[in-house]
Amino acid sequence: MIEKFLLSPKVTFLNHGSYGACPKPVFEKYHYWQRELERQPVQFMAEDVYTYLKIARDNLAEFVGCDGSDLFFVPNPTTGVTTIINGLELRPGDEVLSTNHEYGALIRGWESHSRKRGIKFIQRKIPIPCTTHEEFTDYFWKGVSEKTEVIFISQITSPTALIFPIQDICHRAREKGILTIVDGAHVPGHIPLEISELDPDVYVGACHKWLCAPKGSSFLYVRKSIQDKISPLITSWGVEGTDPSNSTFLLENQWQGTRDMSAFLAVSKAIEFQQDNNWSDLTKKSRWLVRETRSRLDDYFELNHLCPNTEEWLGQMASIEIKTRDPLKLKNILLKEFSIEVPIFNWNGKFFLRYSFQVYNNQKDADLLIYALREML
């Protein structure tokens, strides 16, 4: 499968989780759309692009389990979440409940908004190791107070690579009238996703990570009943433009000035590529390799794990605590001496190495990681 990607054969790539990797056929389709744009830029941007965007939206919506009129494309999850944050009408003293496992850039966004509005952004500290999804949900929910107006939570966390049980949390929040915003950056193409079943108010997902679409392709889903409360991050032509959509939500958010939307249009090809290559069967092997590698690492190191070694908590990546005083040096040695690309994060004052196994990875890649860590640690 590695031959279908553009990755360098000189590097063992164990960091699909950060920016993904684009297969050759998907990348070719991306370039196709760029060429189509340049053939007749005015016709493409003023008229044709809206037809193509609708097709791409509908294909993506079918893949993630929602209606195509309830989402629009954004370049990254940070843009999507920031759009929502800026449009919230929260009052001083209102609370946003989250966890201490969230993505750093979005934590900064919430903290900045909190300072401006006088609200409280609460990162509930989750006990480690996690045990069961039921215990997680019950513990998290104890952080809800009478002042909780918003819940912001990841479905798969970035630094710790844990799968959180968000469905029950979304359903409980709906009963309480609490707005739910789910960061699903790592979800599409990674684990099955049915937004309609999860029932969040807002869901943000990346297409350029595990769905393997071109860089700069993500989406923002908003429940229909609250779409009129969403303000565009960038005010452009909106209802006065040439977009033929009959939805104010799409009219105000889809066009945000001149930009290359080829990555959005190539999302359909990314979905097709995975469907044509029996992705669900291939990723089962990747998930097994993640857990098997963690078990093997236990044979050599005394690891304090974040969760049980099960599919309930782990998908195609896992984070393990690394005892080092110089994480940057360790990362550089792994890359320069062993040709392994893998991230190391500082989370809660400890360092974690997060390895990812995509379908192009194999047992030899896992063997090399274990060998390198044994040599260095």
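All of these numbers come straight from a predicted model, not from anything done at the bench.
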Exercise for the section: Indicate the ring-plane relationship of His190 and His186, choosing parallel, tilted or perpendicular according to the 30° and 60° boundaries. Expected result: perpendicular
Handout entry: Centroid-centroid distance, Tyr52 to Phe44, less than 6.0 Å
Key = yes
Practice task
Flag yes if Trp210 and Leu162 sit in one hydrophobic cluster, no otherwise; membership is Ile, Leu, Val, Met, Phe, Trp, Tyr, and two members link when side-chain heavy atoms are under 4.5 Å apart.
Solution key: yes
Exercise for the section: Please answer whether the main-chain N or O of Pro159 pairs with a side-chain N or O of Ser319 as donor and acceptor at a distance below 3.5 Å. Expected result: yes
Exercise for the section: Look at the side chain of Ser112 and the backbone N and O of Gly109, then say whether any donor-acceptor pair between them is shorter than 3.5 Å. Expected result: no
Problem - Listed partners of Thr180 passing side chain to side chain donor-acceptor pair (under 3.5 Å), at least two apart - result: Asp201
Exercise for the section: Take Val81 and Tyr103 through the test side chain to side chain contact (heavy atoms under 4.5 Å, CB included) and record every step on the way to the result. Expected result: CA-CA 11 Å; Val81 174; Tyr103 183 55; over 6 Å; no
Practice task
List for me each residue that meets salt bridge (Lys or Arg N to Asp or Glu O under 4.0 Å) alongside Lys224, sequence neighbours excluded, and say none if there are none.
Solution key: Asp70
Handout entry: Plane angle bin for His113 and Trp110 - parallel if under 30°, tilted between 30 and 60°, otherwise perpendicular
Key = perpendicular
Exercise for the section: Give the C-alpha distance, both sets of side-chain angles, the deciding distance and a yes or no for side chain to side chain contact (heavy atoms under 4.5 Å, CB included) between His171 and Asp199. Expected result: CA-CA 7 Å; His171 291 179; Asp199 202 24; 3.8 Å; yes
Practice task
Can you label the angle between the His133 ring and the Trp313 ring as parallel, tilted or perpendicular, going by 30° and 60°?
Solution key: perpendicular
Handout entry: Contacts of Asp138 that satisfy salt bridge (Lys or Arg N to Asp or Glu O under 4.0 Å) - sequence neighbours left out
Key = Arg172
Problem - Polar side-chain atom of Arg294 near backbone of Val290 as donor-acceptor pair, under 3.5 Å - result: no
Handout entry: Ion pair check, Glu146 and Lys176, cut-off under 4.0 Å
Key = no
Problem - Check: Tyr355 ring centre within less than 6.0 Å of Phe357 ring centre - result: yes
Exercise for the section: Say whether, by atom type as modelled, one donor and one acceptor occur between the side chain of Asp365 and the main chain of Asn362 under 3.5 angstrom. Expected result: yes
Handout entry: Which residues share a salt bridge (Lys or Arg N to Asp or Glu O under 4.0 Å) with Arg115, sequence neighbours left out
Key = none
Problem - Over-ring placement of Lys24 relative to Phe27, 6.0 Å and 45° cut-offs - result: no
Handout entry: Centroid-centroid distance, Phe345 to Phe351, less than 6.0 Å
Key = no
Exercise for the section: Starting from Leu7, walk the hydrophobic network (Ile, Leu, Val, Met, Phe, Trp, Tyr; side-chain heavy atoms closer than 4.5 Å) and list everyone else you reach, by chain and number. Expected result: Met1, Ile2, Phe5, Phe13, Val26, Phe273, Trp279, Leu282, Val359, Tyr360
Problem - Any donor-acceptor pair under 3.5 Å from Asn253 side chain to Phe249 backbone - result: yes
Practice task
Just say parallel, tilted or perpendicular for the rings of His101 and Trp347, cut-offs at 30° and 60°.
Solution key: tilted
Completion exercise
salt bridge (Lys or Arg N to Asp or Glu O under 4.0 Å) filter on Asp260, not counting sequence neighbours, yields none
Practice task
Check whether the ring centres of Trp33 and Phe264 lie less than 6.0 Å apart, and answer yes or no.
Solution key: no
Handout entry: Cationic N near anionic O, under 4.0 Å, Arg108 to Glu111
Key = no
Handout entry: Arg296 atom CZ: more than 12 heavy-atom contacts under 6.0 Å
Key = yes
